[in-house]
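Here the structure comes first, spelled out in structure tokens, and everything after it is commentary.
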2 protein chains.
Amino acid sequence: MAIKNSSLKLIMNLAKVQAVVSRKFDRLSVHGIGFSDFLILHLLHHAPGEQLRRIELAEKIGLTPSGVTRLVMPLEKSGLVTRQANERDARVSYAKITATGKRIYNEAMKTADSIADSIIPITYIEKDRPIAELFQMLGGDID
Amino acid sequence: MAIKNSSLKLIMNLAKVQAVVSRKFDRLSVHGIGFSDFLILHLLHHAPGEQLRRIELAEKIGLTPSGVTRLVMPLEKSGLVTRQANERDARVSYAKITATGKRIYNEAMKTADSIADSIIPITYIEKDRPIAELFQMLGGDID
DNA sequence: GATTAGTCATTGAGTTGTCAAATATATTAG
DNA sequence: CTAATATATTTGACAACTCAATGACTAATC
């Protein structure tokens with residue numbers, strides 16, 4: 001069942017692996033957040049001033065600005081993130097992580113760590129192996 | 001901005017890369033199908049008898065059986081796939097690719113090939129490099 | 001300093017999935 | 001055989017996005 005184009009095959013496997021892996025992170029729901037929420041908290045936590053523009057957030061996680069708006073809205077409502085204005089430019093609004101947000105982030109990080117470790121053995125990372133092998137491990141070939 | 005857990009970091013990058021890459025395949029819409037539809041047609045086209053159970057389809061593309069039902073339904077309506085019964089077991093229903101389905105698949109394959117090649121240079125595949133490098137190429141680091 | 005063009009963010013409407021429950025059938029154990 | 005259990009698929013309700021259009025600014029040009 002050979003596919004001629006290896007680039008395409010790799011991408012097909014990427015799609016499958018991502019689908020499988022992302023569902024494992026549903027366990028983050030015990031902290032009241034999803035994987036994308038976790039990603040946002042992670043980025044904000046490590047950003048200078050603990051805040052980022054929505055557009056930067058979008059670029060960094062690979063979503064559209066629209067998606068970021070929809071993700072951040074409930075995080076504001078539940079108090080994990082606050083909205084900050086930019087003095088110079090009234091168009092931009094920063095998302096800033098709150099103390100509560102940091103607490104939730106740190107708790108969720110433990111869960112995320114253990115999920116990640118259970119999916120990808122640490123020994124794998126250290127050896128920096130090729131992709132095909134990793135994908136095999138993460139969900140097998142698509143065909 | 002070091003993340004302690006490399007497994008987690010890899011998975012964060014996987015999420016981003018998949019988000020970025022999958023949107024590039026929106027160009028398949030000129031053939032009237034999405035990337036997941038393309039994956040289904042691909043699997044059916046290469047399956048023995050050009051058909052698969054829904055549950056096999058689900059396992060192979062990494063989605064849930066529920067998701068497969070929702071994906072295949074419109075493909076049946078537009079005549080790219082037909083439903084086949086199993087004589088021995090009345091619970092299972094095969095999805096089988098039609099002649100029209102194969103035509104669309106072959107056309108879409110050309111587009112998919114060129115998208116894949118534009119994203120991942122063939123030279124990369126041949127050398128079988130480590131993941132970090134590939135992800136860098138596909139969307140950069142998440143942080 | 002008034003147009004014009006660009007940028008940041010949000011919204012309405014739609015798509016593509018998910019989970020949990022339901023339906024229908026098949027298999028196993030007593 | 002019949003009851004209990006397991007398997008294949010579908011459905012209702014919902015979540016997490018997308019695109020295209022819009023609003024509200026800012027910056028560039030003349």
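Just so it is clear: chains get the letters A, B, ... in the order the sequence lines come, proteins before strands, and each one is counted from 1.
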Nearest whole Å is fine: how far is [N] [atom2] from [X] [atom1]?
X	N	atom1	atom2	result
A/L57	C/dC8	CG	P	14 Å
A/I33	D/dA15	CD1	C1'	15 Å
B/M73	C/dG17	CE	P	12 Å
A/F35	C/dT18	CZ	P	16 Å
B/N86	D/dT9	CG	P	9 Å
A/D37	D/dA15	CG	C1'	11 Å
B/L71	C/dG17	CG	C1'	8 Å
A/F38	D/dA16	CZ	P	16 Å

Taking the six-membered ring for Trp, are A/H46 and A/Y105 parallel (under 30°), tilted (30 to 60°) or perpendicular (over 60°)? perpendicular
Between the side chains of B/R27 and B/T111, does any donor sit under 3.5 Å from an acceptor? no
Consider only side-chain N and O atoms of A/T69 and A/R54, and report whether a donor and an acceptor are under 3.5 Å apart. no
N/O donor-acceptor pair under 3.5 Å between A/S93 side chain and A/Q84 backbone: no
I'd like to know if the side chain of B/N13 and the backbone of B/L10 have a donor-acceptor N/O pair within less than 3.5 Å. no
Distance below 4.0 Å between [X] side-chain N/O and [N] OP1 or OP2:
X	N	value
B/R83	D/dT10	yes
A/R53	C/dA9	no
B/R70	D/dT10	no
B/S36	C/dT16	no

Distances under 3.5 Å between protein N/O atoms and the N/O atoms of nucleotides 26-29 of chain C, please, pair by pair.
from: C/dA26; atom 1: OP1; to: B/A90; atom 2: N; distance (Å): 3.0
from: C/dA26; atom 1: O4'; to: B/R91; atom 2: NE; distance (Å): 3.4

Compare the minimum distances between each of D/dT9, D/dT18, C/dC19 and the side chain of B/I55, then state the nucleotide with the smallest one. D/dT9
By nearest atom, which of the nucleotides C/dA9, D/dT9, D/dC19 is closest to the B/D26 side chain? D/dC19
Can you tell if the side chain of B/L52 reaches within under 4.5 Å of the side chain of B/E56, non-hydrogen atoms only? yes
Would you mind classifying the nucleic acid contact of A/S66 as base, sugar-phosphate or nothing, using non-hydrogen atoms under 4.0 angstrom? base
Which is true for A/T69 with a 4.0 Å heavy-atom rule: it touches a base, it touches only sugar-phosphate, or it touches nothing? base
Here's a test of your reading of the structure: between A/V92 and A/R23, which maps to the more 5' nucleotide of DNA chain C? A/V92
Point-to-point distance, once rounded to the nearest 0.5 Å, from NZ of B/K60 to CG of B/L39: 11.5 Å
